[in-house]
A.B. asks: 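Pasting in a structure now, in structure tokens, and then I'll have a few things to ask.
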There are 4 protein chains.
Amino acid sequence: MKNNKPKYNQIIEAAVEVIAENGYHASQVSKIAKKAGVADGTIYLYFKNKEDVLISVFTEKMGQFIKRITDSINEKEDVREKLFVLIEMHFRQLSEDRFLAIVTQLELRQSNPDLRQQINKVLRPYLKVIDGVIEEGIQEDVFRSDLNRRLVRQMVFGTLDEVVTNWVMKEHKYDLVEQAPEVHALLTKGLSVS
Amino acid sequence: MKNNKPKYNQIIEAAVEVIAENGYHASQVSKIAKKAGVADGTIYLYFKNKEDVLISVFTEKMGQFIKRITDSINEKEDVREKLFVLIEMHFRQLSEDRFLAIVTQLELRQSNPDLRQQINKVLRPYLKVIDGVIEEGIQEDVFRSDLNRRLVRQMVFGTLDEVVTNWVMKEHKYDLVEQAPEVHALLTKGLSVS
Amino acid sequence: MKNNKPKYNQIIEAAVEVIAENGYHASQVSKIAKKAGVADGTIYLYFKNKEDVLISVFTEKMGQFIKRITDSINEKEDVREKLFVLIEMHFRQLSEDRFLAIVTQLELRQSNPDLRQQINKVLRPYLKVIDGVIEEGIQEDVFRSDLNRRLVRQMVFGTLDEVVTNWVMKEHKYDLVEQAPEVHALLTKGLSVS
Amino acid sequence: MKNNKPKYNQIIEAAVEVIAENGYHASQVSKIAKKAGVADGTIYLYFKNKEDVLISVFTEKMGQFIKRITDSINEKEDVREKLFVLIEMHFRQLSEDRFLAIVTQLELRQSNPDLRQQINKVLRPYLKVIDGVIEEGIQEDVFRSDLNRRLVRQMVFGTLDEVVTNWVMKEHKYDLVEQAPEVHALLTKGLSVS
DNA sequence: CATGAATGAGCGTTCATTCAT
DNA sequence: AATGAATGAACGCTCATTCAT
């Protein structure tokens, strides 16, 4: 179990903060080590290389993120509520963890192809969660049955992602969680009248 | 107007190709200079620094991109058609210009905070175009009047962006332009039945 | 006597194998420790530092090497035979101990000046053995009396060393011990006719 | 022609001196650059990497070394004289170029397998020169015809090499060139009386 | 005696930028 | 305007050595 290795977690937490503060490209290994209170070399006892630190940061954080959303969804019966909870939890978690929001929305996208590949792998379970809600909605005749599942997922994820990115870039000038009902209404009802 | 300086355009075009081919991180100034057929130092006669090259690339390309979409929209009367044309032209242009798609969807996001800031500035006119269509739809009672304009714009742009990004990453396995009708239907009607 | 400490010998043997297998530069202390079945730190209980390990390896191995040659020489009366036995035993031992040959002929020469100094110190007793045979040959009027002892020793050692080094680098393609008679003839009779 | 590039030669000369002074392992690129009076990066305009600098040093220096010996040999008719000239020029050149002697006899032997491979490649033409003299001697019935050419060459080269190495390590306490006649006598007449 | 986690100095190489020509 | 040789700061990673247990 990696998690009870204190240094491992120190490094992960330090990395999140350093990336959030300085951006991906200015996140030197030495800076992360310093913030974690360990020697540079110590990082290489717990991680293969710098990229491995970044992937691990994302994996650890997204793992928790997805787990909390899944748990919340599972508490609901109604598929409309499930979608609402997904949106709200998505916003709430990134709202409450400033560093996580910066790291996931902005900094980790500035990565090389290999790293992006890994990030997408970690993201996939979350996309599966979205797919599950959509599928359930279709089965229950709550969502239209002629929907292209892939496009729906892309609309849902793309919308949430864009809303959060804008909120991060606007430096949190408004409350993100409060956007949930309107976003939910938009996604379910669309733009059109009636 | 810088544009009638032939070397300026040579460098811009070379930069797009180099970034699309090699990715952002492997796009050294010397590589761009070589492809453009100029000396390394020449680039600094036309651009302040490397970042300025990249911003200029994005500005030039997005300028054309937005102009074509605006022109197409202006040919239509019906606001529903305008939204459709916006979606279709968005997909069509990125579909037809492989380099542009790679550069805008993936490579230019791997930039430092300053560069991202600039990219967003260039993107703003496009967001205004989207805002215009939405506003018009609301005025004409085609779109609901209780909509939060910002959120709608984020849904529209977020969805288009995510669809294109996925298409780029899936290595163009399917036809992007063909997705337009369904995306249009999704955005206007939402997920729900009736 | 260090030698009855089992760990000491484990480390020496491990070091020879690691150097022979991986080469001098890839012979990290941790690799030697692992092969010896001890902790990294344990090595520092028996040796001052890494260099000390290497010097000790060479000292131990050359000690045996020289002892065996000396013993063999002492079994012979005739000085021509003594020289022959020296040559043959030199070749035989390096022929039979692949690790020793690699370590002495190639890998330990890739060492820093301090270490080379030490290696030469260890080599000195062997040079004394050669000197002894030469001196005896001169006393017995078997070798010419006008010889510069130092140069003779350098010819003998230089020749043996070069023959073995070439054999190691040619990856043992021919039998080293079989070269002994010809080398002996060359050294005693020289190149010239008559 | 690399040779008229002044920086190329500055770097080569600086490298010889730095290696001779500090030893192979303490010859950092930055130290060579400093001594050459160029920036670190400049070295990489003229050499692929650090190893390439070292190989080039050896190649350049050995090229001159071999050429001078060959030229001197060609001035002689008698094969005994040719061998003598080879020995004398070998000693003379290393005697006159302190740095070259240190670099070739000691420091470049402290190199990794790849580099040694290259060094041997550079050395080969010299071994061919020795082979040529031996062969000529045999053809002219000056040297015995039953000689194993390879072993003879190893004796000649091994002896010269060992004599020079000892001279370098003894810090030039005696005159190297003066050793030539005796070494020549030893190689041609061997150790034995009559 | 023995361990092995932790340390941190050290270095080869890249590449954006400059400037003499 | 154009060149391209030269610059030098910056950084990820290794590994010999230490020391608390």
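Since this is a predicted model, take the numbers as computed values, not measurements.
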A.B. asks: Of the candidate nucleotides E:dA2, E:dT17, E:dG4, which contains the atom at the shortest distance from the side chain of C:Tyr46?
C.D. replies: E:dA2

A.B. asks: Can you tell me which nucleotide in E:dG12, F:dA2, E:dT7 comes closest to the side chain of D:Gln28?
C.D. replies: E:dG12

A.B. asks: Taking NE2 from B:His25 and P from F:dC11, how many angstroms apart are they, rounded to a whole number?
C.D. replies: 13 Å

A.B. asks: In terms of ring plane angle, is the pair C:Phe47 and C:Tyr8 parallel, tilted or perpendicular, where the classes change at 30° and 60°?
C.D. replies: parallel

A.B. asks: Go through F:dG8, F:dT7, E:dT7 for me and flag the one nearest to the D:Leu45 side chain.
C.D. replies: F:dT7

A.B. asks: Between A:Gly41 and B:Lys48, just flag the one whose closest nucleotide in DNA chain E comes earlier from the 5' side.
C.D. replies: A:Gly41

A.B. asks: Touch check for D:Val29, heavy atoms < 4.0 angstrom, all strands: base, sugar-phosphate only, or nothing?
C.D. replies: base

A.B. asks: Does F:dC13 have OP1 or OP2 under 4.0 Å away from a side-chain N or O of A:Lys50?
C.D. replies: no

A.B. asks: Give me the one residue out of D:Leu94, D:Leu100, D:Ile102 that meets side-chain contact (heavy atoms from CB on, under 4.5 Å) with D:Arg98.
C.D. replies: D:Ile102

A.B. asks: Would you say C:Tyr44 reaches E:dA2's phosphate, i.e. side-chain N/O to OP1/OP2 under 4.0 Å?
C.D. replies: no

A.B. asks: Hey, is the side chain of B:Ser30 poking within less than 4.0 Å of OP1 or OP2 on E:dC15, counting only N and O atoms?
C.D. replies: no

A.B. asks: For B:Tyr126, does the six-membered ring have the charged nitrogen or CZ of B:Lys61 within the cation-pi criterion, i.e. under 6.0 angstrom from the centroid and within 45° of the normal?
C.D. replies: no

A.B. asks: For D:Asn22 and E:dG10, give me the distance from atom CG to atom C1', rounded to whole Å.
C.D. replies: 15 Å

A.B. asks: Report yes if at least one side-chain N or O of A:Lys7 is closer than 4.0 Å to OP1 or OP2 of E:dA6; otherwise report no.
C.D. replies: yes

A.B. asks: Roughly how many Å is it from CD in A:Gln10 to C1' in E:dA5, rounded to a whole number?
C.D. replies: 13 Å

A.B. asks: Within 45° of the ring axis of B:Tyr24 and under 6.0 Å from its six-membered ring centre, is that where the NZ or CZ of B:Lys50 lies?
C.D. replies: yes

A.B. asks: Starting at atom NZ of A:Lys34, determine the distance to atom P of E:dG8, rounded to an integer number of angstrom.
C.D. replies: 12 Å

A.B. asks: Quick one: which of F:dT3, F:dC13, F:dT17 gets closest to the side chain of C:Asp40?
C.D. replies: F:dT17

A.B. asks: To the nearest angstrom, how far is A:Glu51 atom CD from F:dC11 atom C1'?
C.D. replies: 16 Å

A.B. asks: Starting at NZ of B:Lys31 and ending at C1' of F:dG4, how long is that distance when rounded to a whole Å?
C.D. replies: 18 Å

A.B. asks: Just by distance, do the side chain of B:Lys31 and the backbone of B:Ala26 share a donor-acceptor pair under 3.5 Å?
C.D. replies: yes

A.B. asks: Atom OH of D:Tyr24 and atom C1' of E:dC11: how far apart are they, to the nearest Å?
C.D. replies: 13 Å

A.B. asks: Using the P atom as the point on both nucleotides, what is the distance between F:dT21 and E:dC1, in whole Å?
C.D. replies: 23 Å

